[in-house]
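Chain A is the first sequence line, chain B the second, and so forth, proteins listed ahead of strands; every chain is numbered from 1.
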Protein chains: 4
Amino acid sequence: MIDDEKTPGDFAVPDAPGGATRAVRADAKRNIDTLLEAAKEVFATSGVDAPVREIAARAGVGVGTVYRHFPQRADLVAAVFRREVDACAGAAPALAAEHPPCEALSAWLRRYSRFIATKRGLAAALHSGDPAFEPLPAYFRQHLGPALESLLDSAAAAGAVRSDVDPDDLLRAVGNLCLSGSDAGAERMVDLLIDGLRYGARFPAADSPPEQSDAGG
Amino acid sequence: MIDDEKTPGDFAVPDAPGGATRAVRADAKRNIDTLLEAAKEVFATSGVDAPVREIAARAGVGVGTVYRHFPQRADLVAAVFRREVDACAGAAPALAAEHPPCEALSAWLRRYSRFIATKRGLAAALHSGDPAFEPLPAYFRQHLGPALESLLDSAAAAGAVRSDVDPDDLLRAVGNLCLSGSDAGAERMVDLLIDGLRYGARFPAADSPPEQSDAGG
Amino acid sequence: MIDDEKTPGDFAVPDAPGGATRAVRADAKRNIDTLLEAAKEVFATSGVDAPVREIAARAGVGVGTVYRHFPQRADLVAAVFRREVDACAGAAPALAAEHPPCEALSAWLRRYSRFIATKRGLAAALHSGDPAFEPLPAYFRQHLGPALESLLDSAAAAGAVRSDVDPDDLLRAVGNLCLSGSDAGAERMVDLLIDGLRYGARFPAADSPPEQSDAGG
Amino acid sequence: MIDDEKTPGDFAVPDAPGGATRAVRADAKRNIDTLLEAAKEVFATSGVDAPVREIAARAGVGVGTVYRHFPQRADLVAAVFRREVDACAGAAPALAAEHPPCEALSAWLRRYSRFIATKRGLAAALHSGDPAFEPLPAYFRQHLGPALESLLDSAAAAGAVRSDVDPDDLLRAVGNLCLSGSDAGAERMVDLLIDGLRYGARFPAADSPPEQSDAGG
DNA sequence: CATGAATGAGCCTTCATTCAT
DNA sequence: AATGAATGAAGGCTCATTCAT
């Protein structure tokens with residue numbers, strides 16, 4: 001239901017089954033990778049609204065090459081976004097294997113924070129109504145949600161965090177926290193959120209503060 | 001509820017010393033107020049990147065009038081921002097007087113959330129390097145920081161929240177949480193943050209808070 | 001049903017009822033006229049596909065001015081087209097008053113030919129599917145159809161041409177004949193068509209020479 | 001019906017003197033034919049301004065192949081045009097052999113009309129100043145002029161049409177009539193022209209022949 | 001030779017900013 | 001002082017043409 005997407009990374013390079021055009025394909029693929037990497041860097045530097053020309057220049061290609069692979073500017077943004085979502089989601093298992101549950105969780109959240117922090121302007125773009133961005137939130141949730149969920153579950157099973165946190169909510173919360181960059185106190189803010197996760201963990205404080213529900217009122 | 005604040009600072013209106021220009025100045029001020037209000041509405045609707053023309057149209061004036069008062073587009077954005085910062089900061093005392101500490105705190109945070117939520121694109125703008133935006137973060141902290149601090153202090157004194165929260169961190173955290181709009185789960189996220197505030201309040205959990213330190217680093 | 005359009009020429013200059021902005025308006029109107037004239041000349045020279053910049057340059061204005069008055073490139077083409085349709089239709093009564101029926105008819109058709117001949121590329125544009133061009137054929141027929149019809153009726157009443165010719169067909173025929181320019185033999189072709197009109201006229205000349213002098217001029 | 005013409009001139013295929021390249025040349029020729037046919041279809045669908053890429057795709061080749069045979073885009077347009085001119089001219093003798101003079105004439109004119117009608121944008125292209133198009137009008141007249149002339153002569157000899165019509169004029173007239181497509185009333189217009197041919201024919205109709213139907217037959 | 005990826009000039013269009021009225 | 005017309009730089013995108021594979 002979540003992972004039965006096509007193998008990540010293939011989103012823009014439909015691979016012909018025959019092997020005849022493989023040489024050219026390899027070239028193009030390398031170019032696409034260069035492009036995605038350049039775009040990622042430019043987005044981190046100048047925001048996702050950076051001119052296509054700037055991205056093309058940084059990749060050392062002409063604008064035509066960008067448009068060959070990403071017919072709309074938004075497609076490039078989406079592709080970079082997806083590639084990084086994939087990479088970020090893919091980091092979860094390794095972290096889970098190498099660290100205790102709670103550490104793995106916060107390590108991954110920091111990994112995720114860094115990713116988000118390089119997407120200045122993405123929030124505005126996502127709300128721009130551009131149809132190319134429409135599937136992005138779903139992609140986001142479908143790939144990162146399960147990654148975070150497993151980490152959360154492990155941490156909850158270890159009694160380190162409360163068990164009633166919706167992964168998507170947390171994703172969004174941390175995401176928004178870092179959307180404007182990870183410069184100053186972003187890490188502290190994320191920590192604050194993680195503290196929120198701990199509040200009410202498996203062994204809640206005996207006299208646990210009353211107004212949990214009316215926190216909003 | 002917003003307009004009946006006393007008009008905030010003269011930040012952009014050079015003050016003529018003579019008294020004969022009083023009528024003119026009142027006129028200009030009314031014009032500026034109209035402009036700021038229009039801009040606020042447009043920003044809420046179309047983001048801070050909305051064309052100047054749209055703002056002028058909404059205010060019922062020509063673009064020239066906008067540029068008379070705000071020589072650069074960014075100045076208008078900054079002015080709107082400052083006006084709302086002032087209004088938001090000014091709301092703190094009233095809330096503190098009318099509600100118990102913890103309620104006052106969360107009510108103000110929601111008030112603040114609404115303000116931020118109408119500034120789509122502001123995060124990107126703040127990082128654009130435009131010098132007109134440079135003093136904004138400081139203005140932000142200088143006005144909202146103390147407002148929040150007093151509310152936090154009261155709540156901490158009442159034992160409702162932990163006492164080691166930096167107001168600026170919280171400001172920024174909630175701000176970022178709502179930068180992309182207050183549509184779906186923003187409130188839940190803010191609640192999560194407020195839960196974070198409560199964790200470790202006057203009656204900290206007796207045995208639970210396991211690896212708190214490894215969360216922060 | 002046909003003439004109850006707004007006064008021709010006003011299509012792009014909505015006139016405010018008040019007189020306050022009249023001075024600016026007059027300026028803008030003069031500019032629009034310059035623009036339309038420049039566009040007409042450029043269209044005659046380089047076809048209707050000429051770059052907007054070229055038109056703006058010839059009018060001595062910036063491209064922004066063009067787009068201020070004609071939000072889409074196609075709107076400018078349409079405006080020029082309409083203006084000339086109006087002028088051409090308006091020429092019919094004068095010709096009818098000054099010449100015998102058949103001469104008036106062929107004189108007007110030549111007038112019309114010259115107009116069409118300066119619209120290279122228009123046929124292609126009209127078939128481009130651009131919505132801005134959609135109302136053009138109707139405008140064309142509604143304005144030129146009656147103009148030609150009255151001339152045809154007079155000529156038919158005088159027995160000079162057959163009476164079963166659909167003005168719209170003739171309009172289209174002559175129009176197409178001249179769409180590629182009036183350089184070489186366009187006039188002869190139109191004459192050939194006019195001969196077609198005469199064939200089967202009410203009083204077919206028993207011996208009347210094919211080379212009607214008033215057809216060729 | 002169109003493909004079974006003998007392949008028209010080698011206008012674009014440099015002829016290697018050796019005989020060993022026969023097979024290759026046959027291959028190339030087949031390729032060129034495919035290309036010309038594809039281009040013809042695309043021109044009919046999207047006009048002569050259609051992108052080279054679209055033509056290459058329709059022919060199932062890469063753009064490089066197009067440019068190998070037609071160094072400039074205009075060369076391809078010209079080649080298609082010439083091929084169809086050849087085919088159209090070649091149809092005249094057969095029609096003359098199978099039909100009475102007047103029928104042969106109007107049948108050929110319709111054949112010719114269909115050819116022209118599939119060349120949207122050609123008029124504009126011919127006036128573009130592109131040197132590749134410069135010899136086209138002459139080619140046109142040199143091939144189609146005689147074809148039409150013989151049909152006209154036969155019809156004139158049979159007393160069906162006047163004898164003073166310049167074939168080139170008629171060619172151009174009918175051509176222009178159909179340049180914008182043969183959709184609605186193009187046929188009526190051509191009929192009107194044919195009526196023009198009849199006017200002043202050897203045996204002018206005394207009173208009846210307004211019936212256009214016999215013009216097409 | 002064929003292929004199609006890459007190039008980049010050039011087009012349309014938008015919008016911040018200026019300035020004549 | 002207000003207005004909005006004019007400006008033109010800048011950006012997205014297309015497509016003819018070239019060239020490495």
Side-chain angles (χ1 to χ4, degrees), chain A residues 20-32 35 49-57 59-74 76, chain B residues 21 24 27-28 31 49-57 59-74 76, chain C residues 16 20-32 35 49-54 56-57 59-74 76, chain D residues 24 27-28 31 49-57 60-74 76:
Chain A
T21 59
R22 188 54 54 97
V24 177
R25 267 274 140 62
D27 239 40
K29 190 152 186 26
R30 199 169 316 127
N31 227 327
I32 288 177
L35 224 30
D49 291 325
V52 170
R53 274 180 174 80
E54 184 180 343
I55 296 164
V61 302
V63 284
T65 303
V66 180
Y67 281 96
R68 159 174 290 272
H69 298 297
F70 306 98
Q72 310 274 338
R73 206 191 160 291
L76 175 57
Chain B
T21 56
V24 173
D27 250 30
N31 226 330
D49 291 325
V52 171
R53 189 97 65 149
E54 186 178 342
I55 296 163
V61 302
V63 284
T65 304
V66 178
Y67 279 91
R68 165 171 306 275
H69 297 298
F70 305 97
Q72 307 274 339
R73 202 189 163 292
L76 174 58
Chain C
T21 59
R22 187 56 53 98
V24 177
R25 268 272 141 63
D27 239 39
K29 190 150 188 23
R30 198 169 316 128
N31 226 329
I32 289 177
L35 223 31
D49 291 324
V52 171
R53 271 182 176 75
E54 184 180 343
V61 302
V63 283
T65 303
V66 179
Y67 280 95
R68 158 174 290 271
H69 298 297
F70 306 98
Q72 311 273 338
R73 209 191 156 289
L76 175 58
Chain D
V24 173
D27 251 30
N31 227 327
D49 291 325
V52 171
R53 190 96 66 143
E54 185 178 343
I55 297 164
V61 302
V63 283
T65 304
V66 178
Y67 279 90
R68 166 170 306 277
H69 297 299
F70 305 98
Q72 308 273 339
R73 205 191 161 290
L76 173 58

Between [X] ([atom1]) and [N] ([atom2]), how many Å, whole number?
| X | N | atom1 | atom2 | answer |
| --- | --- | --- | --- | --- |
| B:Ile55 | E:dA16 | CD1 | C1' | 11 Å |
| A:His69 | E:dG4 | NE2 | P | 13 Å |
| C:Tyr67 | F:dG11 | OH | P | 17 Å |
| A:Arg30 | E:dA5 | CZ | C1' | 13 Å |
| A:Phe70 | E:dA5 | CZ | P | 13 Å |

Problem set entry | Contacts of type side chain to side chain donor-acceptor pair (under 3.5 Å), residue D:Glu54, not counting sequence neighbours |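 Scan of D:Glu54 (side chain to side chain donor-acceptor pair (under 3.5 Å), adjacent residues dropped) gives D:Ser46.
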Under 4.0 Å from OP1 or OP2 of [N]: is there any side-chain N or O of [X] that close?
| X | N | result |
| --- | --- | --- |
| C:Thr65 | F:dA5 | no |
| C:Arg73 | E:dC12 | yes |
| C:Gln72 | E:dC12 | no |
| D:Arg53 | F:dC15 | no |

For this session: Only counting residues at least two apart or in another chain, list the ones meeting side-chain contact (heavy atoms from CB on, under 4.5 Å) with B:Val61.
Result: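 Partners of B:Val61 by the side-chain contact (heavy atoms from CB on, under 4.5 Å) criterion, ordered by chain and then number, come out as B:Asn31, B:Leu35, B:Ala56, B:Ala59, B:Thr65, B:Val66.
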Exercise. Under the side-chain contact (heavy atoms from CB on, under 4.5 Å) test, which residues partner A:Arg68, sequence neighbours left out?
Worked result: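 With sequence neighbours excluded, A:Arg68 shows a side-chain contact (heavy atoms from CB on, under 4.5 Å) to D:Arg53, given in chain and number order.
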Exercise. Which string of ( ) [ ] | and . matches DNA chain F, if you list each base 5' to 3' and count Watson-Crick or G-U pairs only when both distances are under 3.5 Å?
Worked result: .||||||||||||||||||||
For this session: Could you pull out the closest heavy-atom pair between C:Arg73 and C:Val52, with the gap in Å?
Result: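 Shortest heavy-atom contact: CG-CG2, 3.2 Å.
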Problem set entry | Nearest-nucleotide 5' precedence on DNA chain E, D:Val61 against B:Gly64 |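 The 5'-side residue here is D:Val61.
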Problem set entry | Side chain of B:Val63 - closest among F:dG4, F:dC13, E:dC1 |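 Of the options given, the side chain of B:Val63 lies nearest F:dG4.
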Exercise. When you measure from the side chain of A:Arg68, which nucleotide among F:dA2, F:dG12, E:dG4 comes out closest?
Worked result: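 Of the candidates, E:dG4 comes closest.
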Exercise. For DNA chain F, whose closest nucleotide is more 5', that of B:Asn31 or that of D:Pro71?
Worked result: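 Nearest-nucleotide comparison on DNA chain F picks B:Asn31.
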